[in-house]
Amino acid sequence: MSAPQSYASIVGEGIWSNNQMLVALLGLCPLLATTTSATNGLGMGLATTAVIACSNGTVSLVRHLVRPEIRIPVFVLVIASFVTLVELIMQAYFYEMYLVLGLFISLIVVNCMIIGRAEAFASKNRVDRALVDGLAVGLGATLVLTTLGALREFVAQGTIFYQADLLLGEAAKGLTVSLGDDYQGALIAILPPGAFIGLGLMIALKNVIDKLVRRLKTAAKPAHSDPAAHAEAAAT
Amino acid sequence: MKSTIVSSPHVPRANRVDQIMLQVLLALVPGVAAMIWFFGWGVLINVVLAVTFAVLAEATVVLLRGRRPWPAVGDLSAVVTAVLFAISVPPTLPWWLTLLGILFAIVLVKQLYGGMGYNPFNPAMAAYVFLLISYPVAMTTWLAPSMLAEHGFTFMESLRAILTGALPPGLDWDAVSSATPLDEMRGKLDLDMTIEEIRQSPLWGSFGGRGWEWVGNWFLLGGVYLLWRRVITWHIPVSMLTGLLVSAGVFWLIDPQTHPFPAFHLFSGAAILGAFFIATDPVTACTTKRGQVIFGALIGVTVYVIRSWGGYPDAIAFAVLLMNIAAPTIDYYTQPRVFGHGGERG
C-alpha cells in the first residue's frame, strides 16, 4: 500500500479537487431537491457533514472486525443509526428547519456520497484520517449546497439567507440580504430545472477556475511544467 | 459537395445554412405581417429588439470562445431563433424579458452546447418555456386582436409599453388584454359550458379565434413556400398536424359538446407556426424520414394532451422540447437498412 495521504491533501481533495458533488457528482438528489434557499442548503449540508464524519469514524474503527462479505450491510446500519440521531436532534432543536427539509433528512441515509466515502476511504484508513476526510468532504458538500441554494434563492426571490433564523437562531436575522419587494425574480430558479442549470453553471465555473490556476502555474515555472497542462493549453 | 447538373432550367436547392435561414425568414414574412396587422406594432418592435439582442449575444459568445464572429452571426440562425421567439411572446412584453429570453436561448441553450448544429433543444422554444414558467403573468398578457380591441395601440404607445411598462393614459391591462382563444375555450369548458354556448362570444371566427385563425393561414402560406423551395419536407408538418387532428377528432366524435372540433385546434394557438417553422428545425428534429413522421405525430398528440388536460392552454413549446430530447432515440430505432446488410429478419 502506498504511503498514507497527508491531512492537507485529504482536506484539499474533499473540499475542492475531488469535491463529491462537483467532481464525482455524487449525492445529487439532496443537492437538487433541497437547495431552494441558502438556509435550506446550509441546514442540509451541516446535517450531511455530521452524518458523514461520524459514519467515517465508526467505519474506520470497526474496519478490522468486519468481514468483507458483510461490509455493505454494516456500513448501511452505521449510517442509518447516525441519520436517525441527526433527525431526532433536528426535530428537538431546529423544529422549523426539520419541517422544511422534511423527508430529505431521512434520505441522507441513501446518499451515495456517504457510503462512497465509507467504502473508498474510511474502511482503508486510520480513524483520524477517516474523520478528517469525513469533515472535509462534508464541508465541501456544504459549500456547494449553500452556494447553489444562495444562487437559486437570489435569482428567484432576490434574497439570500431568508429565514436564516430558523437554523442559526435570532442573531442570524441580520444575515438576510434582500433586494427589496419589487424585485421580479425568475421563478424557474427554485423549480427543478433551475437546480440542474445552476449545478451545471457551478461545475463549469469550477473547471474554469482550475484551468486558470493550471495556466498560472505553468506560466510561473515553464521549465518544470507538467505535460498535461501544456497539451491542454495547446489544444485551446 | 456541390453537384453541377446538366440541362436547364433548374432551381438549385438552397444548400448553405445562410441560404436556408434566409428562405425561412422570407417565409415568415406573411405570418409576421398578419400578426402586426392584428396585434399592433409591438410585434415588430419585439422582432427588432430580439434580433438585435440575439446578434449581439451570439457575437459575444463566439468571440469569448476564441472564434471569428462573422461565420456564426452570418449564418442567420440566431436571427431566425430571435424572430421565432419574438412572435411567440405577447406583443407588449417588457424589453428586459425579451433580453433575458434571448440570452437564455443563445448563450445557454445554443452556444454552451457548442453552437449551431449541436444544440439538442430548440433555442426559441426553450427560451419561451423559460419565460413562461418564470414570468407567467407577463407572458400571458395578450392584446385583443385589432377588430375586437377598444383601443388600437399606435407605434409610440407600443414602444412605450415595451420600454417602460406604461400604458396610454386611462387604460389598464384588463382593458387592453384579452384571453387567447385556447385560454377562453379552456376556461369556459372548466365552467361546464358547452361549445355552443362558448362560441356565442364575438371572440370566435369560423374556425378558431378571430384574428388568430388568419395569422395561422398566413403562416400556412409561408410553410407551403418552404415546402415548395424544398427547405423542409412534408414529413414533420403533415404528421404533426395529422397527429393533432386525429386525436382531436376522436374526442370530438365521442362528445362534440365538450371537445372543440378538430379545425379549432389547427387554427388556434401556434399549431401551424409550430408545424412548419418550429418542429422542422433541422438541428433538433429527427433526421430519418420514418423518424420524422413519428416525431411529428408524437408532437401533435402531445400538443392535444397538454391542451386538453395539462396545466397550460397551448403546448407547442412543451411538446417540441419533449420530442427534441426523444429525437436521438427515435433516430436510433428508425435507421434505414443499409443495402446488402441484413434483411427483414436481420
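Treat the numbers as computed from the prediction; the structure is a model and nothing was measured. Sequence lines set the chain letters: A, B, ... in the order given, protein chains first and strands last, and positions in each chain run from 1.
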Measure the spacing between CE of B:Met185 and OG1 of B:Thr180 and express it to the nearest 0.5 Å.
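Result: 11.0 Å between the selected atoms.
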Mind checking whether B:Tyr304 and B:Trp309 have parallel, tilted or perpendicular rings, split at 30° and 60°?
perpendicular
Quick check for you: among A:Leu191, A:Leu187, A:Leu201, A:Ile197, which has the greatest number of heavy-atom pairs under 4.5 Å with chain B?
A:Leu187
For the residue pair A:Gly27 and A:Cys112, what are the closest heavy atoms and their distance?
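Distance-wise, the nearest heavy atoms are N-SG, 3.3 Å.
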B:Leu131 versus chain A, the contacting section by heavy-atom distance below 4.5 Å:
neither
Out of curiosity, B:Leu84 CG to B:Met125 CE, how far, rounded to the nearest 0.5 Å?
6.0 Å
Just give me the residue among A:Gly200, A:Gly194, A:Gly185 that pairs up with chain B most often, heavy atom to heavy atom, under 4.5 Å.
A:Gly185
Chain A contact via B:Phe130 - side chain, backbone, both or neither, heavy atoms under 4.5 Å:
both
